[in-house]
2 protein chains.
Amino acid sequence: MTHNTVDYARRIRQSGGRLTPQRRLILDAVCEGGGHTTLDEIYARVQAKVPTVNLATIYRTLDFLCDIRLVVRAQVGKQTYYEIASAEPHHHLICRHCGHEEELANQMVEAFFANIRQHYHFYIDSDHLTLFGVCPHCQQSPSVTTNA
Amino acid sequence: MTHNTVDYARRIRQSGGRLTPQRRLILDAVCEGGGHTTLDEIYARVQAKVPTVNLATIYRTLDFLCDIRLVVRAQVGKQTYYEIASAEPHHHLICRHCGHEEELANQMVEAFFANIRQHYHFYIDSDHLTLFGVCPHCQQSPSVTTNA
DNA sequence: TTACGTGCAAAATATTTGCAAGAAG
DNA sequence: CTTCTTGCAAATATTTTGCACGTAA
């Protein structure tokens with residue numbers, strides 16, 4: 001568990017919510033996902049521990065956790081990923097052909113954002129960028145097509 | 001209609017597909033969306049002209065058009081937008097507070113992509129980037145909250 | 001004790017698929 | 001002609017909701 005136990009409990013209560021075992025489980029499941037997890041994965045992890053937890057609860061709780069900003073949603077292609085809001089900003093390069101996924105250094109992204117800030121006075125705070133392209137390997141073997 | 005009629009017909013045939021009235025209609029509907037349109041909007045536009053076109057055809061055709069890259073999908077929040085691929089790459093800055101949307105110069109994005117290419121040998125071809133942040137105006141009046 | 005949160009089942013949406021008929025090339 | 005596409009209906013998948021009961025505070 002990466003998150004600070006005391007802190008998240010307070011965050012939940014301060015926003016008028018209650019700290020239930022289900023919410024704890026779901027929050028833990030999001031943490032265990034490391035970078036990002038899908039709703040299905042969260043459901044599976046929670047079920048593995050307490051099989052009675054209902055899918056509807058997962059939906060409702062994730063909405064709740066996003067509302068109070070303990071968790072953030074990240075859209076990658078069609079999938080929605082969930083992650084702990086306090087996590088370090090991180091970004092991905094994904095290959096259209098083979099699906100290969102690679103981490104993109106935040107430093108490089110920050111430089112880009114700084115540039116935008118300078119020119120547009122627009123303060124970017126996207127903390128999860130996903131860029132699609134073609135990886136080095138697939139540039140040499142253009143026939144492979146696993147992924148749309 | 002923005003797209004070149006001859007060209008798209010060829011693109012479809014060259015990829016082993018057939019140019020049907022439905023595909024024409026759907027392609028037009030995507031064009032009429034200007035920047036980007038949702039599947040629902042496309043369906044509505046097509047229905048307005050030819051009410052017999054089925055929703056399943058919209059799904060299948062958009063998949064097809066994306067496969068042959070006449071059309072691209074752009075994910076903004078929960079919504080999937082469709083747009084003509086040949087359109088100039090364009091990018092947006094969206095303000096989280098007031099929803100203000102601004103165009104981001106492709107040149108700046110290209111520089112960023114070039115940088116990635118150089119360091120990762122990853123050839124980025126995302127042609128529609130959407131970045132969330134805070135616009136100059138809202139940085140001065142931090143209370144406004146129209147958008148999540 | 002008093003709302004709030006949960007499980008359950010059902011409803012509302014969204015997307016995909018099989019198949020026979022129609023049409024593009 | 002031949003094979004790809006479509007419409008239709010049904011199958012799946014996904015997300016939301018109403019309600020009665022349990023429980024955090």
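No hydrogens, no waters, no symmetry mates; every other heavy atom, side chains included, goes into these values. None of the values given here were measured: they were computed from a predicted structure. Lettering of chains follows the sequences in order, A, B, ..., and the numbering in each one begins at 1.
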Checking contacts here: which listed nucleotide ([options]) is nearest the side-chain heavy atoms of [X]?
X: B/L55; options: D/dT15, C/dG25, C/dT15; answer: C/dT15
X: A/D63; options: D/dT3, D/dG7, D/dT16; answer: D/dT16
X: B/A56; options: D/dA9, C/dG25, C/dA9; answer: D/dA9

Nearest-Å distance, [atom1] ([X]) to [atom2] ([N])?
X: A/R73; N: D/dT15; atom1: CZ; atom2: C1'; value: 11 Å
X: B/I68; N: D/dT5; atom1: CD1; atom2: C1'; value: 14 Å
X: B/L25; N: C/dA23; atom1: CG; atom2: P; value: 15 Å
X: B/N54; N: D/dA9; atom1: CG; atom2: P; value: 9 Å
X: B/F64; N: D/dT6; atom1: CZ; atom2: C1'; value: 14 Å
X: B/Y43; N: C/dT15; atom1: OH; atom2: C1'; value: 13 Å
X: B/R24; N: D/dT6; atom1: CZ; atom2: C1'; value: 15 Å
X: A/L62; N: C/dT6; atom1: CG; atom2: C1'; value: 15 Å

Q: Under 4.0 Å between any heavy atoms, over every strand shown, what does A/L39 touch: base, sugar-phosphate, or nothing? Just pick one.
A: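 Nothing, no heavy atom under 4.0 Å.
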Just N and O in the side chain of [X]: are any of them under 4.0 Å from OP1 or OP2 of [N]?
X: B/Q22; N: D/dG7; answer: yes
X: B/R23; N: D/dT5; answer: yes
X: A/T61; N: C/dT6; answer: yes
X: B/T57; N: D/dG7; answer: yes

Kindly give the heavy-atom pair with the smallest separation between [X] and [Y], and that separation in Å.
X: B/H92; Y: B/E101; result: CD2-OE2, 3.7 Å
X: B/H100; Y: A/F122; result: CD2-CE1, 4.2 Å
X: A/I58; Y: A/Y43; result: CG1-CD1, 3.6 Å

Q) DNA chain C: B/P21 or B/Y59, which has the more 5' nearest nucleotide? A)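 Per heavy-atom nearest nucleotide, the more 5' residue is B/Y59.
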Q: Hey, which sits more toward the 5' end of DNA chain C by its nearest nucleotide, B/R13 or B/D40?
A: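 This one resolves to B/D40.
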Q: May I ask you to check whether A/H128 and A/H91 place their ring centres under 6.0 Å from each other?
A: no
Q) Any donor-acceptor pair under 3.5 Å joining the side chain of B/R60 to the base of D/dT5? A) no
Q: Decide yes or no on side-chain contact (heavy atoms from CB on, under 4.5 Å) for B/N106 and B/H90, but give the supporting numbers first.
A: CA-CA 6 Å; B/N106 187 39; B/H90 61 289; over 6 Å; no
